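Single-structure report; data block below.
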Amino acid sequence: MASSFLDAYPTWALALFGVVGLLGFAIVSYTVVRGPRWMLLGIVLAAAVVQIYQPAGNISVALLLAAAAAPASLWVGRRFLSSVWVWVLLLLAVWQAVAALWSHSFGTPVFRVTSTLAILGSYVLARLVLSEAHGVSRALLVASPVLALQNVLVIVFRFFPGAESAYLTSSLAPWLTEPEVRMIHTEGIQENILEATRAGGLLLNGNIASLFGMATASIFVYVALSEKARWCWYMAALCALGAISTGSKTPIVLAVTLPLVVVIIGAMALRRWFYAGIALLPAVIGLGLVVASGGALLMQLDRSLADRLALWGVAADLFPDKWFLGVGYDGWSTVVVDRFAEIFGTDRIVLPLPPHNFVIQAWADAGLIAAALVLLAALLPIAYAARLLWAVARQRGRLGSREYFEAAMLFVAVTYVPLHGLTDTTSFAGDNHMIPFYGVAVALLRRTYRQRFLRGGAVRPAVSTGPGGGNW
């Protein structure tokens with residue numbers, strides 16, 4: 001938090017941090033204007049993996065780096081201000097800053113605003129890089145060594161839990177794996193990576209690590225197809241293997257449901273209902289396997305859902321009286337602690353307990369306007385990704401084309417992340433690690449949508465775009 005950060009260092013150290021920050025901002029801005037932008041994007045993506053959380057806690061160096069790219073990127077790409085999505089993010093950042101007026105702390109609103117600017121900076125910088133030949137693939141190549149390290153660590157930690165325990169207790173962990181890693185041992189915070197069947201690599205939560213692995217794998221597959229970058233296939237395979245090795249059930253569930261949705265959208269576009277029926281078979285088989293696996297998994301899912309429903313019930317109780325302003329930054333934690341025994345039936349308080357839903361979190365922090373803006377920011381890319389799938393299916397007349405597979409990868413990337421945030425502690429753009437990659441995925445989606453849906457490229461408009469339909 002910013003208040004503890006200000007108290008933790010002497011004035012001369014804070015002044016030094018300020019000078020270094022201004023110098024870093026100047027370097028980032030100069031690189032955006034003069035280039036090479038693809039190198040800067042690659043550094044932003046690489047930094048997202050290792051974060052560097054000290055000295056400002058959750059407001060990591062990587063988050064500040066992505067946010068610092070926003071002003072110069074918007075200046076260079078002033079035409080991007082015609083984008084509805086850009087304006088949604090700008091309005092969200094402004095409102096999050098305004099909501100500091102009724103905040104219980106100073107640090108949390110700074111973190112929220114910085115995160116939103118990081119999404120915006122990553123997205124606009126990626127759009128600038130897309131104007132360069134093979135810009136995104138070169139940026140991903142810069143980030144690939146640390147991405148490979150993250151996934152290799154997940155695999156190693158899964159089979160050698162002692163190695164993960166040794167890392168989590170090392171002096172390096174608070175720098176790379178969130179400051180809260182200390183609380184696992186000092187305050188008994190429960191994280192699923194402590195289980196022998198889970199692993200997170202550099203991430204503190206196995207579910208979020210699986211999200212990171214599968215979403216980045218989708219991006220690599222898209223780039224491998226669209227830019228014929230063969231090396232991206234190897235990275236995609238490593239990221240997917242890392243996601244599976246986390247032990248999280250999320251990638252397994254979404255690996256069934258999202259392709260199912262992709263096939264159904266295409267089948268509906270082609271009016272081939274037989275394909276839609278066939279697409280339901282994996283879901284039925286998957287449900288059968290879950291039931292056949294015994295009660296342990298079902299009990300775990302039921303307990304997890306029950307805890308979330310209890311937290312969401314707190315929001316429902318608070319909403320009539322706090323519907324517009326929410327409860328203020330960090331007000332949610334106070335409410336949950338006060339009502340812990342009522343909610344969970346025990347006096348043993350286990351923290352942290354966010355609402356595990358990014359819409360409710362936005363409402364609790366900054367009220368109804370923030371909740372509406374984050375929901376819109378999440379839904380716009382999903383809607384256009386689905387629209388792109390529909391158009392490609394109609395144009396190609398089949399679901400097996402390369403173009404349809406490319407569109408499917410973008411749909412998975414921009415859908416998986418916010419869906420995860422509906423039942424976990426991440427935002428619509430993921431956590432600190434995921435934010436720049438989500439920005440890149442949305443930029444790739446917009447580029448593909450413009451080229452193949454609006455400009456009469458490989459795919460011509462199959463449906464009316466409507467007035468202003470391309471300026472999302």
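Quick note: numbers below take in every heavy atom, side chains included, and nothing from hydrogens, waters or symmetry partners. If you're wondering where the values come from, they're calculated on a predicted model, not measured in any experiment. Start at 1 with the first residue, then count along the sequence.
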Checking the side chain of Ser29 only, and the main-chain atoms of Ala26 only, is there a donor and an acceptor separated by less than 3.5 Å? no
Assess the residue pair Leu74 and Val86 against the criterion (side chain to side chain contact (heavy atoms under 4.5 Å, CB included)); give the C-alpha distance rounded to whole Å, side-chain angles, the decisive distance to 0.1 Å, and a yes or no. CA-CA 9 Å; Leu74 279 175; Val86 166; 4.1 Å; yes
Is there a side chain to side chain contact (heavy atoms under 4.5 Å, CB included) between Val146 and Leu202 once you walk through the steps? CA-CA 10 Å; Val146 285; Leu202 295 176; over 6 Å; no
Any Leu63 side-chain heavy atom under 4.5 Å of Ser115 side chain: yes
Does a donor on one side chain sit under 3.5 Å from an acceptor on the other, for Thr177 and Tyr167? yes
Check whether Trp87 reaches the backbone of Leu81 with its side chain - one donor and one acceptor, N or O, closer than 3.5 Å. yes
Within the side chain of Gln150, is there an N or O that forms a donor-acceptor pair under 3.5 Å with the backbone of Gly200? yes
Distance-only donor-acceptor check, side chains Thr425 and His356, under 3.5 Å: no
Candidates Phe212, Phe220, Tyr416 - the one meeting ring pair (Phe, Tyr, Trp, His ring centres under 6.0 Å) with Phe437: Phe212
Working to the nearest 0.5 angstrom, can you tell me the gap between Met409 CE and Ser226 OG? 12.0 Å
First locate atom CG of Leu92, then atom OG1 of Thr116, and finally report the distance between them rounded to the nearest 0.5 Å. 4.0 Å
Aromatic rings Phe428 and Tyr438: how do their planes relate, parallel, tilted or perpendicular, breaks at 30° and 60°? perpendicular
Nearest-0.5 Å distance, CD1 of residue Ile360 to CZ of residue Phe319: 10.5 Å
Could you tell me whether the side chains of Asp330 and Ser105 share a donor-acceptor contact shorter than 3.5 Å? yes
Write down the atom of Val414, the atom of Ile382, and the distance for their closest heavy-atom approach. O-CG1, 3.6 Å
Between Pro418 and Ala378 the two heavy atoms that sit nearest each other are CB-CB, 4.0 Å
Are Asp365 and Gln361 linked by a side-chain donor-acceptor pair shorter than 3.5 Å? yes
Is there a donor-acceptor pair closer than 3.5 Å between any side-chain N or O of Ser218 and the backbone N or O of Met214? yes
Strictly under 6.0 Å, is that where the ring centroids of Phe405 and Tyr222 end up? no
Side chains of Glu406 and Thr448: do they bring a donor and an acceptor to under 3.5 Å? no
Stepwise side chain to side chain contact (heavy atoms under 4.5 Å, CB included) check, Gln51 with Trp175: CA-CA 7 Å; Gln51 286 295 307; Trp175 289 78; over 6 Å; no
Which atom names give the shortest non-hydrogen contact between Val142 and Ala46, and what distance separates them? O-CB, 4.5 Å
Is the Tyr329 to Trp102 ring centre distance short of 6.0 Å? no
I want to check something: taking the side chain as every heavy atom from C-beta on, are Leu368 and Trp323 in contact at a cut-off of under 4.5 Å? yes
How about Asn357 and Thr423: do any of their side-chain heavy atoms sit closer than 4.5 Å? no
Does NZ or CZ of Arg308 fall inside the cone over Trp312's six-membered ring, less than 6.0 Å from its centre and within 45° of the axis? no
Checking Asp431 side chain against Thr426 main chain: does a donor-acceptor pair fall under 3.5 Å? no
Nearest 0.5 Å, what's the OH-CG distance between Tyr53 and Asn432? 4.5 Å
Give the minimum heavy-atom separation between Leu64 and Ile59, together with the two atoms involved. CD2-CG2, 3.8 Å
Please check this pair: side chain of His420 against backbone of Ser427, looking for a donor-acceptor N/O pair closer than 3.5 Å. no
Shortest non-hydrogen contact from Trp332 toward Pro354: NE1-C, 3.7 Å
At their closest point, which heavy atom of Val44 faces which heavy atom of Ala66, and how far apart are they? CG1-CB, 4.0 Å
Rounded to the nearest 0.5 Å, how far does CE of Met268 lie from CH2 of Trp390? 5.0 Å
Take Thr246 and Asn207 through the side chain to side chain contact (heavy atoms under 4.5 Å, CB included) test and state the conclusion after the steps. CA-CA 7 Å; Thr246 62; Asn207 295 333; over 6 Å; no
Are the side chain of Ser73 and the backbone of Ala70 linked by a donor-acceptor contact shorter than 3.5 Å? no
Student check: side-chain heavy atoms of Pro174 and Pro179 closer than 4.5 Å: no
Kindly confirm or rule out a cation-pi arrangement of Arg127 over Phe80, judged by NZ or CZ under 6.0 Å from the six-membered ring centre and within 45° of its axis? yes
Under 3.5 Å donor-acceptor, Trp85 side chain and Ala377 backbone: yes
Side chain Arg198, main chain Gly206, donor-acceptor under 3.5 Å: no
Using modelled atom types and a 3.5 Å cut-off, is there a donor and acceptor pairing between side-chain atoms of Arg446 and backbone atoms of Ala443? no
Heavy-atom check, side chain of Val110 versus side chain of Val113, under 4.5 Å: no
Is atom OH of Tyr30 surrounded by more than 12 heavy atoms (other residues, nucleotides or ligands) closer than 6.0 Å? no
Please report the interatomic distance CG(Leu204) to NE2(His433), rounded to the nearest 0.5 Å. 9.0 Å
Under a 4.5 Å cut-off applied to non-hydrogen side-chain atoms, are Asp424 and Phe358 in contact? no
